[in-house]
2 protein chains.
Amino acid sequence: MEENTKRILLVEDDPNFGTVLKEYLTIHNYDVVLAKNGMEGYEKFKKSDFHLCILDVMMPYKDGFTLAQEIREKDKDVPIIFLTAKALKEDVLKGYKVGADDYLNKPFDSEVLLLKIQAIIQRKNVESVADSKQFEFEIGSFKLNSKLRFLTHNGDTQIKLSPKENELLRLLALHINDLMPREIALTKIWRDDNYFTSRSMDVYIAKLRKYLKLDPKVEILNIHGEGFRLVINP
Amino acid sequence: MEENTKRILLVEDDPNFGTVLKEYLTIHNYDVVLAKNGMEGYEKFKKSDFHLCILDVMMPYKDGFTLAQEIREKDKDVPIIFLTAKALKEDVLKGYKVGADDYLNKPFDSEVLLLKIQAIIQRKNVESVADSKQFEFEIGSFKLNSKLRFLTHNGDTQIKLSPKENELLRLLALHINDLMPREIALTKIWRDDNYFTSRSMDVYIAKLRKYLKLDPKVEILNIHGEGFRLVINP
DNA sequence: GTTACTTTTAACGAATTATTAACCAAAGTG
DNA sequence: CACTTTGGTTAATAATTCGTTAAAAGTAAC
């Protein structure tokens, strides 16, 4: 899958409608994960990192609003679109209260959904450009340029970083001296939290440690069962 | 009037439909100028500066396509949306040929129009950031004239560039020392991002590297999976 | 038509990257 | 301590991306 493909979590209990909609969005170049109910939706949300959630409101066991609230607890920025059969005003209000970005009444014009998705993702994109503009980090006597993916030591040695090395070091640098939970690194970078991705991450930690050896003050510490800490010693 | 309000030229011969649509767009915070026919539309276009034109296709004396062509001569970038009652394929083709950005069949959902307006203006916004009219560049000991398509080294050797070589080098020069994402070069120059255009681009990178060998300080570096960087070493 | 030029496609090798296995060390647990 | 889980590290493998040259296909001028 391409790097820049936007990832959408679609939670819809009607299997026919769900798969059709998933296919439609896939054709239009989105990476769609389909969940058949609120439970499954939440599990899938926790294990990965999405740019947008499309939630059916009427679902058995756990309705869309409840799911939206749970999602909001984990991520207070991810855009949410609700799908609903009826156009009840109180529902719309309830939706906006849990932070809906938009609302669509079924049956809806698929083109409208597509345009709304575009608009929402674009909007978030513009916003995030402003705050995630930070791509230069000081790490002891190192400098990380995470846009051009290299690490310089004292201005002379230049170490090229692979995408994963780069993202991981950037994440550690963002939380410098603080704990970077394994779980978060995995969902953000690997988009899946399982045994293998976890071991893969350990391999990358080893690689980063090798690079960072040039400055003995800089260390990546492990916190058993929790995650890692990038620390700068005095 | 607000600073950031987008200006729309609306050309529509049906006075009822025209005023209703104008009001609708005005409510949604656009600054709308309404023209009742192609003649008037062209006059109003010349006299002001618009972010978007919405043209009815079927108009007496001067139809939307003819008007679009005249507008294109004056401004080759302004987005154009056509409104049409019939969905004739040849019309759509004709429209895209004169550079239509989108197409809407009457009667249409006003929300769709609004979303399309948003999307188009946003897109142009993003594109225009990088797209200056600059055509002369210093690249180490080279000079690129991208209007006349040649590259000179120290003023003596003159290398003629093919259109693609020229556009690619210009794009790299616009982002000098910075990343030029592959994806962007492909959509801007090749207008399509697929395996073959991507390989074609690699061929052109090789050609440019051969030209640029005359100055060892000038390099085109690859950032694996991301794109290229034109760098000038000290 | 021919010619000169431009662009795409093929082909093959090289480099880069991510994953997985393997084996051992360290930390936590009863 | 015996045992389980978690982490550290290296190396092998697989997959993708890139560099380069050359041939083929396409275009435009003559």
Side-chain angles (χ1 to χ4, degrees), chain A residues 1-5 146 148-151 158-172 179-183 185-213 218-231, chain B residues 146 148-151 158-172 179-186 188-213 219-231:
Chain A
M1 191 55 67
E2 245 182 83
E3 178 62 27
N4 209 21
T5 306
S146 65
L148 303 178
R149 279 199 349 231
F150 62 74
L151 188 66
Q158 207 171 74
I159 306 162
K160 287 197 279 181
L161 299 179
S162 87
K164 286 252 150 69
E165 290 167 355
N166 178 55
E167 285 186 81
L168 184 54
L169 186 53
R170 177 170 180 277
L171 210 52
L172 288 165
L179 172 66
M180 154 91 297
R182 182 182 281 273
E183 196 203 345
L186 288 174
T187 52
K188 283 217 180 262
I189 301 177
W190 276 264
R191 277 142 193 199
D192 193 14
D193 177 353
N194 64 42
Y195 171 78
F196 293 109
T197 54
S198 192
R199 293 320 328 265
S200 195
M201 175 169 163
D202 289 330
V203 172
Y204 278 94
I205 291 288
K207 288 182 181 182
L208 290 180
R209 280 184 175 135
K210 212 178 276 179
Y211 298 149
L212 297 174
K213 263 192 192 130
V218 178
E219 278 182 294
I220 298 178
L221 303 180
N222 173 256
I223 298 173
H224 201 90
E226 301 279 344
F228 294 91
R229 268 180 78 200
L230 176 62
V231 299
Chain B
S146 65
L148 303 176
R149 284 207 335 247
F150 62 76
L151 187 66
Q158 205 171 77
I159 305 162
K160 286 196 279 182
L161 298 178
S162 87
K164 285 253 152 67
E165 290 168 353
N166 177 56
E167 284 187 81
L168 184 54
L169 186 54
R170 176 173 180 274
L171 210 51
L172 288 165
L179 171 66
M180 150 76 357
R182 187 177 207 104
E183 199 200 344
I184 291 182
L186 288 175
K188 276 199 184 273
I189 300 178
W190 277 263
R191 294 178 198 293
D192 191 15
D193 177 353
N194 63 42
Y195 172 78
F196 293 108
T197 54
S198 192
R199 293 321 327 264
S200 193
M201 175 170 164
D202 288 332
V203 172
Y204 278 94
I205 290 288
K207 289 181 182 184
L208 291 180
R209 279 184 176 137
K210 215 177 273 176
Y211 298 149
L212 298 174
K213 264 194 191 128
E219 277 182 293
I220 298 178
L221 303 180
N222 173 256
I223 299 177
H224 201 94
E226 302 273 349
F228 293 91
R229 264 179 85 197
L230 176 61
V231 299

Q) Considering only D:dT9, C:dT8, C:dA18, which nucleotide approaches the side chain of B:Tyr204 most closely? A) C:dT8
Q: Find the distance B:Arg209:CZ to D:dT21:P and express it as a whole number of Å.
A: 11 Å
Q) Can you name the salt bridge (charged side-chain N to carboxylate O under 4.0 Å, His left out) partners of B:Arg149, sequence neighbours left out? A) none
**Q.** Rounded interatomic separation in angstrom, taking OH from A:Tyr195 and P from C:dT19
**A.** 14 Å
**Q.** For B:Lys160 against B:Tyr211, the heavy-atom pair lying closest together
**A.** O-OH, 4.5 Å
**Q.** Donor-acceptor pair present, A:Arg182 side chain and D:dG7 base, under 3.5 Å
**A.** no
Q: Find the distance B:Ile223:CD1 to C:dT17:C1' and express it as a whole number of Å.
A: 15 Å
Q. Among D:dT16, D:dT10, C:dA10, which is the nearest nucleotide to the side chain of A:Val203?
A. D:dT10
Q: Tell me which of B:Lys210 and A:Lys213 sits closer to the 5' end of DNA chain D, going by the nucleotide each one is nearest to.
A: A:Lys213
Q: Map B:Trp190 and A:Phe196 onto DNA chain C by nearest heavy atom, then report which one ends up closer to the 5' terminus.
A: B:Trp190
Q) With the sugar-phosphate defined as primed atoms, P, OP1 and OP2, and the base as all remaining atoms, what B/S/- string results for nucleotides 24-30 of chain D, 5' to 3', for protein heavy atoms under 4.0 Å? A) -------
Q.
Does B:Gln158, at its CD atom, have more than 12 non-hydrogen atoms belonging to other residues, nucleotides or ligands within less than 6.0 Å?
A. yes
Q.
Using a heavy-atom cut-off of 4.0 Å across all strands, would you classify A:Asn222 as base, sugar-phosphate, or nothing?
A. sugar-phosphate
Q) Which pair of non-hydrogen atoms, one from B:Ile223 and one from B:Arg229, has the smallest distance, and what is that distance? A) CD1-CD, 3.6 Å
